[in-house]
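What follows is a short report on a single structure.
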Amino acid sequence: MTQQGERVFISGNEATAEGGIAGGCRHFFGYPITPQNKIPEYMSAELPKLGGVYLQAESEVAAINMVYGAAAAGARVMTTSSSPGIALMQEGLSYMLGSELPCVLVNMVRGGPGLGNIGPAQSDYWLATRGAGHGDGRCITLTPYSVQELHDFTAGAFDIADRYRNPVMVLADAILANMMEPCALIPRRELPPPERNYAVGPHDPQERERNIVNSLWVEFDAMEAVNERIAERYRRAAEEITDWGEFGAEEPEVLLCAYGISARICESAVMQAEELGIPTRLIRPKTVFPFPAEPIRSWSERATAVVVVEMSMGQFIEDVRLAVEGRCPVDLLARTGGNMPSVGDVVEKIREVALTAGAAGV
Amino acid sequence: MTQQGERVFISGNEATAEGGIAGGCRHFFGYPITPQNKIPEYMSAELPKLGGVYLQAESEVAAINMVYGAAAAGARVMTTSSSPGIALMQEGLSYMLGSELPCVLVNMVRGGPGLGNIGPAQSDYWLATRGAGHGDGRCITLTPYSVQELHDFTAGAFDIADRYRNPVMVLADAILANMMEPCALIPRRELPPPERNYAVGPHDPQERERNIVNSLWVEFDAMEAVNERIAERYRRAAEEITDWGEFGAEEPEVLLCAYGISARICESAVMQAEELGIPTRLIRPKTVFPFPAEPIRSWSERATAVVVVEMSMGQFIEDVRLAVEGRCPVDLLARTGGNMPSVGDVVEKIREVALTAGAAGV
Amino acid sequence: MPKVKIDAERCKQCMLCVEFCPRDCLQVSNETNLRGYHPVELTDEEQCTGCGICALVCPSVCIEVYR
Amino acid sequence: MPKVKIDAERCKQCMLCVEFCPRDCLQVSNETNLRGYHPVELTDEEQCTGCGICALVCPSVCIEVYR
Amino acid sequence: MREELFMAGIGGQGVNLAGQLVARAGMDIGLNVSWFPIYSPEVRGGSSTCTIVLTDGRVASPTSDHPTSMILMDRTAVRDFADRLAEGGLVVINSSLVPEPPDCGDCRVLMVPANDIAAEIGNERTLNMSLLGAWAAGTGVMTAEDVARSLREMLPERHHHHMPDNEKALARGADIGRSARI
Amino acid sequence: MREELFMAGIGGQGVNLAGQLVARAGMDIGLNVSWFPIYSPEVRGGSSTCTIVLTDGRVASPTSDHPTSMILMDRTAVRDFADRLAEGGLVVINSSLVPEPPDCGDCRVLMVPANDIAAEIGNERTLNMSLLGAWAAGTGVMTAEDVARSLREMLPERHHHHMPDNEKALARGADIGRSARI
Amino acid sequence: MAEETLINPYPDALTEVEMRYCPGCTHGTAHRLVAEVIDELGVKDRTVAIATVGCSVYAYEYFDTDAVQAAHGRGPAVATGIKRVQPEAIVFTYQGDGDLASIGMAEVVHAAARGEAITIVFINNAVFGMTQGQMAPTTLLGQRTTTSPTGRTVEAAGYPIRICELLATLPGVGYLAREALTTPPRIRSAKRSIRRAFETQVAGGGFSLVELLSICPTWWGMDPLEAVEHVEERMIDYYPLKVFRDRLAEEETGGGESDA
Amino acid sequence: MAEETLINPYPDALTEVEMRYCPGCTHGTAHRLVAEVIDELGVKDRTVAIATVGCSVYAYEYFDTDAVQAAHGRGPAVATGIKRVQPEAIVFTYQGDGDLASIGMAEVVHAAARGEAITIVFINNAVFGMTQGQMAPTTLLGQRTTTSPTGRTVEAAGYPIRICELLATLPGVGYLAREALTTPPRIRSAKRSIRRAFETQVAGGGFSLVELLSICPTWWGMDPLEAVEHVEERMIDYYPLKVFRDRLAEEETGGGESDA
Ligand SMILES: Cc1ncc(C[n+]2csc(CCOP(=O)(O)OP(=O)(O)O)c2C)c(N)n1
Ligand SMILES: Cc1ncc(C[n+]2csc(CCOP(=O)(O)OP(=O)(O)O)c2C)c(N)n1
Ligand code: SF4
Ligand code: SF4
Ligand code: SF4
Ligand code: SF4
Ligand code: SF4
Ligand code: SF4
Ligand SMILES: [Mg+2]
Ligand SMILES: [Mg+2]
């Protein structure tokens, strides 16, 4: 992604925080919540040293609105939270979208619904990809699957947010947040501030007109134009930044689809299935919005069955099914509430669908 | 739906409020927002007369949490709002789900994102059907398309909420809220309070153990069990309450899919298309979660093309595509930001897809 | 002599200036502006001291006082 | 004679009772409970007046005082 | 039969209440009806429009691409909306405010000096009634008496003393309306 | 080569830090590694577990269905987890707290009296080191010296005076570990 | 008349856009006073106005400065975000009583507690104007609104909240006053307080807020003059006009907070 | 020893479940006092405890009454919902300073303003305990926390909020006091206030809240005794112990609010 620096053994939370700094973030507004507390802790120690600002908001509602203000003032700004906190940010996110402001959010998803627990989960998939509150906007959503990717994706998220003037969500989970792995750090850069001709603040009136950041469009046509502008950006993003990884057999019988920590488990399952003689390929989105429908569609034409593995009751699977469009059966392996699928579970599921597909004579 | 009473000429907002009362609601907590202000106004005048409670909450966040408390105490309780307010209720909704509490919400959707405007829109489809905050829960979602249905569905929503111990959302829009039509009112009934063995409050300790309403499940397996229990209820709901209307040609060339106010416009378009010699059939979900996938699937096998009409950039269409699964092309007619598709727009789209399908020799 | 200019198109006929003018020299006119209001006018130039009170209380910011 | 009973399994060895006992008759014992704490015990029954202060300050609600 | 009536004007509730009255009267004579407004954002003033569908069939869309009749109450309304009238449609215009009839092909135009009529009757509140009377007679969807009957139902008791004036205005309008019925 | 080490015990950070040390040492000798914890909800006390993957290939899943080795620090840990060990795996047990070896088929068991060793060395903080030393020697994935080297890197300067004690404990453990290597 | 000069030039910090308020609504008066103060302090080019949600939502069209429209009640949080990025900016929010005292209570209290260097112009008209006259937290007991149709009662809705008295307990507050936009002397006094509040921000003296008792003829069901009288006779009674804190003055005279 | 009697029977309103607090944490003490009061007033069977989010989240396991777990900060809103449905219920929330004074500010102020007939037990330990010791709105200036690693400063985070002083401005409040869970006399006094607060609810005297200065040895980095001393020496200075309002007493003596 960028020039690599020091290689350290580090937790996902710390890698995320340091990724933010590497990406040029100097303003952080957040409210503590497990399992991502190490991020604000890290930021509160580091940002002041860099002349930046760490501010603990009184709530997630306040946090996202501070982010809104900071983004309006032209900052590379970030907030991080976990499920209930992200739910509270929905209105504010919608305002960011309506006002076409960039920011980076991290959601270290935990078991839900409600207070739930602090175990890992992937059940905020819709909240990320279909959320951003009311209205049509969506968060561009990145799904790292390692500490390294948490770092890299968070750092890269700022450029994406700027490019499309849209909130970018890094969607991970309680395990990725807490696990430790080696990570090559991107050097902290003072970025040249990108062109922000929309930002408010002290200015020379000779140089520009006054700026207004606003999401109120009384005229229906004006509002519709905003929606179309946003949709057009999403089309561009789909072409420019859709990203995914593939792993496994070149002539797969079974196609596995998973993202984030589930994809890690699936990689092990791919290897074990191979040993059992069931050629299996994993497609794992690194972006889920925009969604890599194309590779899933084309591989699903060559496979006899698709297995989706996710730590939710069936959210991600809808995007997979929208890509597969009936080309072959799509099966679900779901664990929730903090539980993770085991490698054995996945292998068992692969064996099961391979058998069924075989029996069906496909 | 139930025994019919007086027939009056009434606005959607008033019909909704009176529907709530007819459905047994005596406790209302809400925060004003256009275009549904007539609902709290109506409730503030009527409920106190009935020995009920109208309380204006300090915010939508407070409102949904008051609803949570009232539901925990065993009340038939309701709140109403519009898009930004519903976005603010997401965390609270997730808690209701996690604690398996019933309630009724109404969302009179307006143009978004952000502050947007007060025109009609259908861009909270995901917020309703994929929302309910973080975690896997969803709102059972009803989509009336007339003042009468607003009344009837709202009244009926309380039974559904009780049956599945799940929030039920009545999803309408600024036009349905404000338009006036004749409406046969369901008589106000004092319902026998349904069995609420979970409710807290003064009690005789001889008669029951203490009750705990809670969504915290530290044990992953316990949390997973909650999710499975909820999913099981959704499966039951899919069988028991999925509902939709159909209108138009028995041998359709084009299948129209739309809900709510869009479906009204589509009915006119069906009639006009018929006149133009393009047999067209409308399927309009009355419930969008659970979704009537089955009728759409089977009609899509007989039609040459599907046209989805919605007042959003393409949300509802995903559920249609998940039902159609590639059986025929699915096209979108979208208007947003307060704009509505005209009947002419829809007819034009029908003609267009009929031509394309014809040209493709289907 | 002081002079009071009222932008008739912006006046909303709220009567606050009329009420607070210490010299009672403002009155509603017979004109109707585009919004349908009858704008206020200075009826007695002689009386007006140019004190500016009318402008001070005008919520429509449509009174100019010259002195 | 007053008597103080401490539920050793619940004691978390916070020392608040030891500190506040006006007669200094409580001490950490050599036992280790399941949680790994050394529970407090009454070392000097004679001294104890049964005043109940130890129980008053005990956050673990694990002291019973008989009088 | 399907009548799609579009009404537009400035001045708060007047337009909307008049539209609701037509719809209500339609309901009272057994038609299927809907009334649907678009407010402009200002709290007061600004222009209001509403659409009323009256039919013996299914209302279906409460909106209208090309209304079969219109009541346009001021100049802006005529400028912005007149050309959306359906072919052969009827347009009722408040000629007190818009003296020159719009140019709308084969449409039928009824010029009703509503302000003047109200002034003559000596009751400003009857302003919309002459327009409704003209529309009712002009379209034949209902009679001025139907409108009056429903108005009496809708009006709070304490306003019933306005009924005679309203009925007068309705009748005056209906006279003009009948002239356009061929 | 792929080693999946599972560790469990009570008492806050001890288990996690020891696990992190193994992973870090693995990284330092050029392996691909991951460390992954499950905390129990209480702020303090309660049991902790963690899983370390060490491999010259792709780490893939950081979890382990059937760990190839385990370090179990107390009775609950043995009760709850011992039977998940892979066939032929190695289990290191703190025999100061769990005197009787678990019954786990063809597994290899190393009984390390960690508390006693720490007491002998006179430094409670070295408790986990003898277990790690035994594990390192028992699996051969790394040497006790590798662990010591990485520990020095991880320890803040102000704790370096503990290093000699830690090295002693590692060595004592390694002695026991070597005995199990056939 | 060559010697005649305009004594009240149209404020530079107001655009020419005609304000959409109802006749007599003192939102307009408040806008003018704020704009005059911005002009007088010469800070127009570094001012950022935060429009919130209420009848004054279009404030970004009226103030001729950089502007941000904020979500309902969240103005102080948005202002905080801006100020922390651009400490040189003069940031003010313009909030109604629904916006500030109802949904935005947490944000205003916390901004004040933090001593956030922002200014708040708080329009207390005892009602939700924009959404059709519902009860506000500041609605007086007995007052009829569309959601307290028989008059506000303590039993159903509790007591009206006095925001200044509440915030006066917070040491982070540098300037705090309540004024009324009714009579000419009061309007002059209101302007002095608004000016003082902005001066406090310019001087780095902490959080500042001016509450302005304002009329809503439309939803009070009164004409503007009756409404003015209602403020004078009823509102000021419950909401006394007062400078609650003026830290700059206290510092000048050596007084001030001692307990923080 | 036949004449020996247990002078401190284990409260009926506490379950046997062992509380999960750290050694010395006075959350346990507070629980016990509340349970004793519930017992003494004989209201156990009509009490509904609202557990909120913080170290005391499991309060629903500890209080042997009906219980509801509420979202972070929303306890007063949940309590309001319950009380409005079941006016006979005795409803109390148990909230930490993060829960009540940070995210829950709006809800507590509004419940108090409404004079909602609920009781709040407010544990002020000047830190977010459950989430690993972050700064709270009540963290003292200079205090180190995991998110104020070099000590809280006014510039970065503003002043600590005194909740009682803030709420004392609201006429809806019937009972309001600050106590400390440190020494035996203070603990006895705390119990008297808790009892008074519940009595106020039982008597229909409005909203009641007792703030309890509490220790968090774990995140203060102190042992329990040092922590107790810290409260005595530092916290009480900023948070004076006081009965701010006792409407029942005022009514008895004929005093009380006159301005509402
Ligand atoms: C989240 C949200 N909830 C509710 C609303 C609806 N709303 C708009 S303005 C307003 C209240 C306005 O009252 P106030 O702040 O007193 O301003 P005023 O109009 O009286 O000047 C409300 C409730 C909204 N826009 N957003
Ligand atoms: C919406 C939401 N945000 C954040 C959290 C995380 N959280 C849990 S407890 C807590 C603060 C607890 O502090 P306090 O209320 O002071 O209680 P204590 O643990 O100190 O007793 C936070 C921020 C959450 N559960 N929900
Ligand atoms: S300037 Fe003074 S005297 Fe002249 S009109 Fe205005 S208020 Fe009256
Ligand atoms: S104060 Fe202004 S708006 Fe009101 S009447 Fe006078 S000139 Fe007109
Ligand atoms: S009862 Fe009193 S004297 Fe006896 S041990 Fe307890 S505190 Fe000490
Ligand atoms: S106060 Fe209780 S928990 Fe603390 S040491 Fe004494 S008995 Fe043990
Ligand atoms: S509704 Fe009230 S506050 Fe709003 S503009 Fe009109 S008078 Fe002013
Ligand atoms: S973390 Fe602090 S507040 Fe929480 S239980 Fe431990 S000592 Fe008590
Ligand atoms: Mg207001
Ligand atoms: Mg705390």
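A note on names: the letters A, B, ... follow the listed sequences, proteins ahead of strands, and every chain is numbered from 1. Since this is a predicted model, take the numbers as computed values, not measurements.
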Just so I understand: if I count every heavy-atom pair under 4.5 Å between each of [options] and chain A, which residue has the most?
options	value
B:Leu127, B:Asp136, B:Leu322	B:Asp136
B:Leu115, B:Leu93, B:Asn107, B:Val61	B:Leu115
B:Ile86, B:Leu97, B:Leu88	B:Leu88
B:Gln315, B:Gln90, B:Glu318	B:Glu318

Please classify the contact between [X] and chain A as side chain, backbone, both or neither, with a heavy-atom cut-off of under 4.5 Å.
X	value
B:Arg335	both
B:Ser99	neither
B:Asp221	both
B:Ala132	neither

Identify which of [options] forms the greatest number of heavy-atom pairs closer than 4.5 Å to chain B.
options	answer
A:Ala87, A:Ala231, A:Gly137, A:Gly98	A:Ala87
A:Pro84, A:Gly131, A:Ala334	A:Pro84
A:Gly111, A:Gly133, A:Gly314, A:Ala121	A:Gly133
A:Ser94, A:Gly85, A:Gly326, A:Ser82	A:Ser94

Decide yes or no on side-chain contact (heavy atoms from CB on, under 4.5 Å) for A:Tyr234 and B:Met313, but give the supporting numbers first.
-> CA-CA 11 Å; A:Tyr234 292 161; B:Met313 293 302 294; over 6 Å; no

Practice item. Test B:Pro113 against every option in A:Met223, A:Glu91, A:Glu100 by the side-chain contact (heavy atoms from CB on, under 4.5 Å) rule and name the one that passes. Key: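 Answer after filtering A:Met223, A:Glu91, A:Glu100: A:Met223.
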
Whatever's closer than 4.5 Å to a heavy atom in chain B on A:Arg327 counts as neither

What part of A:Ala128 gets within 4.5 angstrom of chain B, counting heavy atoms only: side chain, backbone, both, or neither?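 Neither; nothing under 4.5 Å.
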
### Message
Heavy-atom count check: over 12 atoms from other residues, nucleotides or ligands less than 6.0 Å from A:Glu219 CD?
### Response
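Counting other residues, nucleotides and ligands, CD of A:Glu219 stays at 12 neighbours or fewer.
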
Has the side chain of [X] got a donor or acceptor atom that lies under 3.5 Å from a matching backbone atom of [Y]?
X	Y	result
B:Asn227	A:Gly112	yes
B:Asn117	A:Trp217	yes
B:Ser83	A:His134	no
A:Asn339	B:Glu224	no

Taking every heavy atom of A:Ser215 against every heavy atom of B:Gly114, the minimum-distance pair comes out as OG-CA, 3.5 Å

Task: Atom pair OG1/CZ of B:Thr336 and A:Phe220 - distance to nearest 0.5 Å - done: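 Rounded to the nearest 0.5 Å, the OG1-CZ separation comes out at 11.0 Å.
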
